[in-house]
J.: 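Once you've had a glance at the structure underneath, I'll fire off some questions.
Counting starts at 1 for both ligands and their atoms, following the listed order.
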Amino acid sequence: MTVPLASWIELSEVALKANTRAFREIVGPSRAVGLVAKGNAYGHGLAALLPALHAASDVLFVILAEEALRVRAFEAATGCPRREVLVIGAVTPAEAAELARHDVAVVLADTGFAAVARALVGGPPLKVHVHLDTGLSREGFLPETLEAGLAFLDRCGPEVVVAGVLTHFADTEDVTEQDWALHQLAAFDDGCARLTALLARLGRPTALVRHTAASAAALALPASRHDVVRIGIAAYGLWPSRETRISARNVLGRVPVLEPVLSWRCPSQVVKRIPAGSYVGYGCTHRCADDTTIAVLPVGYWDGYPRLLSGRAHVLVQGRRCAVLGRVMMNHIVIDVTGVQDHGERVVATLLGRDGGETVSAEDLAGWAQTIHYEIVTRLGAHLRRVVLPGA
Ligand SMILES: *Cc1c(COP(=O)(O)O)cnc(C)c1O
């Protein structure tokens with residue numbers, strides 16, 4: 001197979017393993033470590049990273065039914081033992097019936113689930129985790145609406161098994177004091193008490209798996225760790241925020257090492273010399289003061305390199321920072337390689353990652369593009385080639 005002249009993403013399984021191990025040490029052996037693989041594994045590429053995610057996790061959290069079925073297909077194809085899989089997004093009745101057949105759990109988050117439950121009658125049981133809305137105002141039952149919201153369970157048979165309860169924090173990443181999260185934890189405890197009382201009244205088992213913590217809470221708020229943690233961004237080696245780093249130092253007495261899993265590199269399409277006074281790119285927004293060696297890279301906003309990086313970003317070539325000149329185009333950027341490669345030979349640029357002693361981090365790109373690093377990585381094109389680096 002020929003390799004196209006296009007950017008590619010490198011994935012380090014070693015880093016993913018090390019990051020997961022760091023969380024196992026933090027939460028201790030009594031708790032399960034769940035990894036969140038939504039958003040095409042945070043843009044890293046679910047297909048490429050699934051073997052490593054599967055091996056490293058106790059539970060996999062996904063957003064779509066289709067993603068859960070891909071996990072089951074992977075297990076069937078490779079003979080790997082099954083992981084628990086929980087779909088944390090919305091599912092249709094037909095999807096729920098299919099997930100029940102594959103022993104995938106879903107979230108019960110609103111009264112719309114009554115229609116899902118009807119589709120399950122006569123089929124295998126579906127495990128559900130009740131989502132409590134304790135202060136994010138996204139999915140889930142407000143604790144005080146739980147009894148009314150779950151009244152339909154009285155009419156359900158063994159096809160619905162309530163196996164867990166969860167909530168999601170609204171404000172753990174942007175702060176170093178967890179006031180709102182503590183309020184949410186208290187609401188969660190209240191909701192759990194109401195839920196177990198309701199289940200007892202219905203004659204259903206009341207032992208539930210509890211989970212509330214995403215990366216930041218798992219690091220900075222020990223009381224949130226419960227039975228399972230749901231580690232997304234940090235599993236991929238990215239800190240949720242600066243505040244989380246500071247909080248981790250305060251709470252853990254040290255800063256755990258997280259290693260970025262992903263690098264993004266791009267070969268040049270052409271390297272050429274242009275004379276002083278040349279304009280570069282659409283809108284002629286950049287003009288070269290001196291004779292300049294440029295490299296044209298076949299990567300652009302179609303691939304997930306934000307247009308807001310125009311005239312702001314750097315890439316790395318041979319361990320040196322090279323400026324992005326002018327505008328980011330749909331399929332191209334132009335970089336200044338003067339003094340780095342003046343002989344017209346092909347270069348490989350690192351758009352995101354390390355090269356020699358220099359690094360361009362997802363946080364750097366996010367800062368330049370006025371967004372967060374979560375968005376930078378999750379918007380990397382699904383079409384880009386992924387290369388899993390060999391490693392121990
Ligand atoms: C995305 C998500 C997570 C993971 O969040 P990170 O900050 O990436 O660790 C955990 N739980 C839920 C419900 C989520 O939607």
J.: Purely on distance, is any nitrogen or oxygen of I231 under 3.5 Å from one on ligand 1?
T.: no
J.: So H226 and R31, side-chain hydrogen bond (donor to acceptor under 3.5 Å, both in side chains) or not? Walk me through it.
T.: CA-CA 7 Å; H226 297 292; R31 297 189 175 87; over 6 Å; no
J.: What do we get for H211 next to ligand 1 when only non-hydrogen atoms under 4.0 Å count, side chain, backbone, both or neither?
T.: neither
J.: Do R346 and S268 pair up side chain to side chain, a donor and an acceptor below 3.5 Å, judged on atom types alone?
T.: no
J.: For R138, counting its heavy atoms only, list the atoms of ligand 1 lying under 4.0 Å from any of them.
T.: 15 (O)
J.: Between the side chains of Q178 and W180, is a donor N or O closer than 3.5 angstrom to an acceptor N or O?
T.: no
J.: Taking atom types as modelled, find out whether W264 and T350 have a side-chain donor-acceptor pair closer than 3.5 angstrom.
T.: no
J.: Should W302 and V328 be regarded as members of a common hydrophobic cluster, given that ILVMFWY residues are connected when their side-chain heavy atoms come within less than 4.5 Å of each other, either directly or indirectly?
T.: yes
J.: Quick check, are the ring centers of F141 and H131 under 6.0 angstrom apart?
T.: no
J.: Looking only at protein heavy atoms, identify the closest one to atom 12 (C) of ligand 1 and say how far it is in Å.
T.: H168 CE1, 3.3 Å
J.: Do ligand 1 and S215 have nitrogen or oxygen atoms that lie under 3.5 Å from each other?
T.: yes
J.: As a check for students: among Y374, F61, Y42, identify the option with a heavy atom nearest to atom 4 (C) of ligand 1.
T.: Y42
J.: Can you tell which part of I88 has a heavy atom less than 4.0 Å from ligand 1: side chain, backbone, both or neither?
T.: side chain
J.: Strictly below 4.0 Å, N to O, side chains only: are R265 and D355 in salt-bridge contact?
T.: no
J.: Have a look at E139, R230, K38 and point out the one with the heavy atom closest to atom 2 (C) of ligand 1.
T.: K38
J.: Which ligand 1 atoms are under 4.0 Å away from a heavy-atom of A214?
T.: 3 (C), 4 (C), 5 (O), 6 (P), 7 (O), 9 (O), 10 (C)
